[in-house]
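So that the names make sense, note that chain A is the first sequence line, chain B the second, and so on, each numbered from 1.
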Number of protein chains: 2
Amino acid sequence: MIINIIIKTAIMVINKAQDIFRNYLRGKGLRNTRQREVILDAFFFADKHITVEELFNAIKVKHPEIGFATVHRNVGLLCECGLADEIKIGNKKTRYEPKYEQRHHDHLICLKCGEFTEVKDEKIERLQDKLAEANNFAPVRHKLEIYGLCKKCR
Amino acid sequence: MIINIIIKTAIMVINKAQDIFRNYLRGKGLRNTRQREVILDAFFFADKHITVEELFNAIKVKHPEIGFATVHRNVGLLCECGLADEIKIGNKKTRYEPKYEQRHHDHLICLKCGEFTEVKDEKIERLQDKLAEANNFAPVRHKLEIYGLCKKCR
DNA sequence: CTCTTAATGATAAAGATTATCATTATCTAA
DNA sequence: TTAGATAATGATAATCTTTATCATTAAGAG
Ligand SMILES: [Mn+2]
Ligand SMILES: [Mn+2]
Ligand SMILES: [Zn+2]
Ligand SMILES: [Zn+2]
């Protein structure tokens with residue numbers, strides 16, 4: 001059944017992510033904790049583009065003993081080790097999205113309802129690199145956000 | 001002499017900007033004040049990509065009576081009427097740059113020295129609009145930031 | 001000039017992230 | 001397996017930036 005395959009895949013992704021996280025921690029002389037496993041699991045199971053507060057509230061249901069600061073600190077660590085991306089829009093609370101195997105994408109952001117649409121255009125990606133090179137600039141990463149009105153709101 | 005032409009041009013730009021600002025204020029039933037003229041002048045004379053705090057400190061020299069809140073409020077107004085653009089990078093303080101006649105550009109941002117290089121690629125601009133349209137999304141504005149190492153730092 | 005009310009400026013409050021620190025728990029190495 | 005060094009946690013305080021408050025000032029229409 002399709003639903004089982006999806007669940008299996010999700011579990012595989014999380015196991016792989018746990019490995020990446022544990023290796024990253026080990027490499028930095030940091031420790032693996034119960035809290036860290038819970039936070040990573042919750043983060044990968046949760047909705048995309050989540051705030052620390054939302055993640056904290058989701059975790060609180062089953063793990064009321066885990067503190068906000070701990071969630072905050074560890075989302076930071078997930079970013080460091082490449083398992084999460086930070087999204088800052090205006091003065092709003094920072095959002096985070098799980099990242100798996102370096103899949104990069106950009107965002108269309110609706111000015112009315114706030115919806116995020118994930119997009120990618122290889123041609124744009126290549127032109128960005130060219131543009132950087134033309135300016136003697138070594139690109140590392142980029143952020144492209146297009147603001148406007150989504151399908152429902154336009 | 002070239003220096004005089006540059007100064008003349010700068011003064012013309014500021015006069016035009018003052019007109020735009022005054023018209024915007026009038027249209028909204030707001031008032032023109034001495035402080036607003038000082039802030040606009042200082043903003044257009046100052047370095048690009050300035051923070052409110054930096055602008056406030058620059059103004060303080062000649063106008064120590066003008067308050068921080070007033071500078072902050074009015075930089076906001078300058079953004080509203082299209083004479084300034086907001087630049088938010090990570091958790092750093094918001095920076096603002098004067099905008100004259102809707103000239104849009106994107107930024108290359110050095111991860112080492114923080115330098116901003118202004119760039120524009122018409123091909124990328126067009127592809128962005130196409131990408132939006134392909135997703136039934138009506139683009140209003142966008143933000144493209146390429147992070148990496150600049151000429152000096154690479 | 002008068003009067004309405006927007007703007008100012010000092011300060012407080014809010015909102016988000018980061019630091020502090022006593023306590024707990026991990027994990028290395030004996 | 002256990003002891004010991006020290007990283008992590010969690011409650012809370014501190015910080016840092018932006019926004020709100022409010023008594024006072026002043027713009028500008030009439
Ligand atoms: Mn996304
Ligand atoms: Mn610029
Ligand atoms: Zn929408
Ligand atoms: Zn540089």
Q. If you look at every strand shown and take non-hydrogen atoms under 4.0 Å, does T70(B) touch a base, only sugar-phosphate, or nothing?
A. base

Q.
Just to be sure I understand the rule, does E53(B) reach a base, reach only the sugar-phosphate, or reach nothing, if contact means heavy atoms closer than 4.0 Å?
A. nothing

Any side-chain N or O of [X] below 4.0 angstrom from OP1/OP2 of [N]?
X: R26(B); N: dG28(D); result: no
X: N74(A); N: dA8(D); result: no
X: T94(B); N: dT18(D); result: yes

[Y] and [X] side chains, donor-acceptor separation under 3.5 Å:
X: N74(B); Y: Q35(B); answer: no
X: T51(A); Y: K93(A); answer: no
X: Q128(A); Y: H142(A); answer: yes
X: E118(A); Y: H105(A); answer: yes

(Q) If you define the side chain from C-beta out and look only at heavy atoms, does anything of L30(A) sit under 4.5 Å from R36(A)? (A) yes

Q: Spell out yes or no: do the side chain of R73(B) and the base of dT19(D) have one donor N/O and one acceptor N/O closer than 3.5 Å?
A: no

Round to the nearest Å and state the distance from [X] atom [atom1] to [N] atom [atom2].
X: K88(A); N: dT18(D); atom1: NZ; atom2: P; value: 12 Å
X: R36(B); N: dA7(C); atom1: CZ; atom2: C1'; value: 6 Å
X: H63(B); N: dG9(C); atom1: NE2; atom2: P; value: 11 Å
X: K93(A); N: dG15(C); atom1: NZ; atom2: P; value: 9 Å
X: I89(A); N: dT18(D); atom1: CD1; atom2: P; value: 17 Å
X: E65(A); N: dA8(D); atom1: CD; atom2: P; value: 18 Å
X: E54(B); N: dT17(D); atom1: CD; atom2: C1'; value: 14 Å
X: R34(B); N: dT25(D); atom1: CZ; atom2: P; value: 15 Å

**Q.** First encountered from the 5' end of DNA chain D, between K92(B) and P64(A)
**A.** P64(A)

Measure from the side-chain heavy atoms of [X] and tell me the nearest of [options].
X: Q35(A); options: dT17(C), dA11(D), dT9(D); result: dT9(D)
X: L30(A); options: dT18(D), dA8(D), dA6(C); result: dA8(D)
X: I66(B); options: dG9(C), dT26(C), dA7(C); result: dG9(C)

Q: Let me know, please, whether F68(B) or R31(B) comes out on the 5' side of the other along DNA chain C by nearest nucleotide.
A: R31(B)

